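The analysis underlying the following values was restricted to heavy atoms, covering all of them including side chains, and did not include hydrogens, waters or symmetry mates. Small disclaimer: the values here were computed from a predicted structure and weren't measured. A, B, ... follow the sequence lines: proteins, then strands. Residue 1 opens every chain.
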Amino acid sequence: MSIYDTLNDRQKQAVMQIDGPVLILAGAGSGKTRVLTHRVAYLIDKAGVAPYHILAITFTNKAAGEMRERVDQIVGFGAEQVWVSTFHSTCVRILRRYIDRLGYDNHFTIYDADDQKGIMKEVCKKLQIDTKMLKERTILNAISSAKDELIDPQEYEMQNGFDYNGGKIAKAYREYQETLKKNNALDFDDLIMKTVELFKTDAQVLAGYQDRFRYIMVDEYQDTNTAQFELIRLLADGHRNLCVVGDDDQSIYKFRGANIRNILDFEKVYPEACVVKLEQNYRSTKMVLDAANAVIQNNTGRKDKALWTDKTEGERIHFRQFDTAYEEAEYIAGDVAKKKRKGQVSYGDCAVLYRTNAQSRLLEERFIMEGIPYDVIGGTNFYARREIKDVLAYLKTIDNGRDDVAVKRIINLPRRGIGATTILRVQEYADEREISFYDALREADQIMTIGRSAVKLKPFVTMIQSFRSKTEFFSLEELVKDVLETTGYLKELEESDEEDAADRIENIQELVNKVVAFEAERDEPAALSEFLEEVALVADIDRVEGENDRVLLMTLHSAKGLEFKHIYLAGMEDGVFPSYMTITSDDPMEIEEERRLAYVGITRAREDLTLTCAKQRMIRGETQYNPVSRFVREIPPLLLDNKPFSPKPREREVYQEDSREQSRLRAKPFAAAARPLAPAKPYAASPSAYTAREKPKAVPIRRGGGKAPLTVGTNPFGTGNAVKSSAEPVPAGRLGYAEGDRVRHARYGEGTVMKIEPGPRDSQVTVVFDEAGQKIMYAGFAKLQKV
DNA sequence: CGTACTAGTCTTTTT
DNA sequence: GACTAGTACG
């Protein structure tokens, strides 16, 4: 009995076909990850391949981590030599070694969307591009798409130079790249593109990696873009042992440049490819699977396949329609609570999926009211939050003085009286001499144009220099804490009376925790640059831990690759999902991508799937009236416990009113959930006829909104991981001390509590410390101990 | 130079 | 509805 006996025949074939190109078409829940990990084991165990020669690439760190873990389990000794990582991490690792061959410094920094925008702003100013006509974001998107297609500024110019905007973008692209290079920075797309460039220009480096990676595996292949495809192709050209795993029905990242042709045309690029289809689903009940199949069948141009299962029939799919989104949220939270009370579920078995991040708000409110622990994935990346970026900018400045963006971000933070004019003058000085902004700062007293302001720059430079010298003998944790304290950043926050100061402090604390965890993971002292690198490449989904018994709220996109016993798909309305954008688009392919997203959503469910929608929903401050999603209608009514009722198109008038208040009033708290649904129309009453006329006439979407969900804060049930704020104040009684008590603070020593003011998020505590004097701090962060 | 207010903006989805 | 960038003013 070997570990391979647990695989079905197809899976075995996929595992054992180790030589040459292999395309594994792995339907949802068909044991794809098992195949990949067993394949690694097989290569090492049976085929005698050295772990060192194996490369496995995924999209997210979470997926990479899981694979690593499972490979470690099966393979045991030597497994750590297998290179398992994401596209981006792989490229960073390669570039750190060799990017000097492209004229960059190996010590580069990685820019996120925020940094990019900052750079683009400067670029537009310099090129006198009117950002009202042509927005920074638009230009950056154009550049990003170009990079996904491996188009450099020169080529872009050739292709688009004749066009008015195209010409401007081409110039901006060129300037943008130059600025990045000057700052010794790469953006996300550069990581892939520069690696490809490196391979194409340096045969020696390429040959080295080709020789190393004799067996290559790529997960989620349907989501690769042209650049990633090229990267893989180059690497695999050495031995042609390339195994890609994917599902064309789950390709949902076109907007990010994913090219579905990569998987559809695999056999054209590799005619000798062996194709294995995994069609047995081990995850979902028949009901769920039938629904998924029914929906996806409406797409054209798919690879032919049919998922089947020998699992039980299962329950019918629940469908509930509500008057308002409030009632929808109420129902979902109530349903989870009910099931939990009955002992049918653990919170961790449940996930609520929705199309847009903004939809999480109402759900969160309800979950808090019901007292259900939850985590929200996505929204604003933790590392993109202002306070986190501030602290990271300090660390980046300490790490790499050439990152002008980071230096400028913190030079007047907290306030040091250094204003825009001074910064401009220093920049001019730097430009003249072609030195970095930071190096110019060091010569502040040489800069004639800034006059007396030079005095303010000196202490800043001295401080940074002193941090730098401390990196020698400080641990990362000590360094970060030192930065927080010495710069006065934390103090300013603690004394701030801003509404969200407590949340921000909490986030900083969370960052410190991450630093500690990062250091604990490795044996030798961790370098600052390694930490910054890791942090630059994490996605929100990476931070989901399996152990927490909490309901997960996330977008359909984030849910790919996950599975839950109970899935709620919220907001099943035409105009929300499929989104208004795709419905109105002339490109029929867009709705197909949306349908794939629905397929992904449905197939996340193991046993129990609930679809909900609301007749009325507030989006960006305006009320929309949307019909039931066409995807619900594409599910045979037999599979649903309630039938979608559709008003005749002419009755579905679209109007708007400022109804937030009214809806709130109407949505009685804890009211019973579903309205009785109208009797089902016969399903044969042509969903297609319906869909055809469905062009939602001017559902009033005003451009706007896109709000990030609530700021991160303390979930009353919180782990502090990707957690959003609740409205619960910390009850003063729970603090363990009261006014007049003597307390101890980790940094300030002992003191007396003068005042405790319960705040909206966290209590504010005023303490007079014996040594440090009076401080006003947030109880959650101060961690005061009664003495 | 810093702050307080106002006006305009918002890719659905993210490595 | 909310956030942010830009501007007017102290």
Here the distance between atom P of B:dT11 and atom CE of A:M120, to the nearest Å, is 18 Å
Separation of B:dT12 C1' from A:Q359 CD (nearest whole Å): 9 Å
Phosphate-side-chain proximity, A:R386 and C:dC3, N/O vs OP1/OP2 below 4.0 Å: no
Looking for any heavy atom pair under 4.0 Å, which part of the strands does A:L537 touch: base, sugar-phosphate only, or nothing? nothing
Between C:dT4 and B:dT13, how many Å separate the two P atoms, rounded to a whole number? 16 Å
Using the aromatic ring of A:F188 (for Trp, its six-membered ring), decide whether it stacks on the base of B:dT15 within the limits of 5.5 Å and 30°. yes
Quick one: is A:N357 getting a side-chain N or O under 4.0 Å of the B:dT13 phosphate, OP1 or OP2? yes
A:Y354 has an atom OH; how far is it from atom P of B:dT13, in whole Å? 10 Å
Minimum heavy-atom distance between A:A227 and A:L150, given as atom pair plus value: CB-CD2, 3.7 Å
Under 3.5 Å side-chain donor-acceptor pair for A:S585 and A:T582: no
Ignoring hydrogens and angles, are the base of B:dT15 and the side chain of A:H88 linked by a donor-acceptor pair under 3.5 Å? yes
Could you tell me how far apart A:K132 (NZ) and B:dC10 (C1') are, to the nearest whole angstrom? 16 Å
For A:Y326 and C:dG1, what is the distance between atoms OH and C1' respectively, to the nearest whole Å? 11 Å
Please state whether the phosphate of B:dC1, meaning OP1 or OP2, lies under 4.0 angstrom from any side-chain nitrogen or oxygen of A:T422. yes
Donor-acceptor contact present, side-chain A:D115 to main-chain A:D112, <3.5 Å: yes
Interatomic distance, A:E573 CD vs B:dT12 C1' [rounded to whole Å]: 14 Å
Any donor-acceptor pair under 3.5 Å between the side chain of A:S579 and the base of B:dT12? yes
Please classify the nucleic acid contact of A:D189 as base, sugar-phosphate, or nothing, using heavy-atom distances under 4.0 Å. nothing
Cation-pi check, A:K147 onto A:Y156 ring (under 6.0 Å, within 45° of axis): no
No-H, no-angle donor-acceptor pair, A:R355 side chain to B:dT12 base, under 3.5 Å: yes
To the side chain of A:T555, which of C:dA2, B:dT13, B:dT11 is closest? B:dT13
Within the structure, does a side-chain N or O atom of A:T421 lie under 4.0 Å from either OP1 or OP2 of B:dC1? yes
Categorize A:F59 for me: base, sugar-phosphate, or nothing, with a 4.0 angstrom heavy-atom threshold over every strand shown. sugar-phosphate
Main chain of A:T356, side chain of A:Q359: is a donor-acceptor contact present, judged purely on distance under 3.5 Å? yes
Stacking of A:F255 on B:dT13 base (centres under 5.5 Å, planes under 30°): yes
Using atom OH of A:Y111 as one end and atom C1' of B:dT15 as the other, report the distance to the nearest whole Å. 19 Å
OP1 or OP2 of B:dC10 sitting under 4.0 Å from any side-chain N/O of A:K135? yes
Could you check whether A:H557 and A:Y354 have their ring centres less than 6.0 Å apart? no
Among B:dT12, C:dG1, B:dT15, which nucleotide sits nearest the side chain of A:M618? C:dG1
A:K121 near the nucleic acid: base, sugar-phosphate alone, or nothing, with a heavy-atom cut-off under 4.0 Å? sugar-phosphate
Between B:dT13, B:dT3, B:dC1, which nucleotide has the shortest distance from any of its atoms to the side chain of A:H557? B:dT13
According to a strict under-4.0 Å criterion, is A:R416 in side-chain N/O contact with OP1 or OP2 of B:dC1? no
Between A:N412 and A:T582, who's closer to the 5' end of DNA chain B by nearest nucleotide? A:N412
Heavy-atom nearest nucleotide on DNA chain B for A:A420 versus A:R137: which residue maps closer to 5'? A:A420
Using a distance-only test with no angle check, is there a side-chain donor-acceptor pair under 3.5 angstrom linking A:Y253 and A:N225? no
Value in whole Å for how far the P atom of B:dT15 lies from CD1 of A:I252: 11 Å
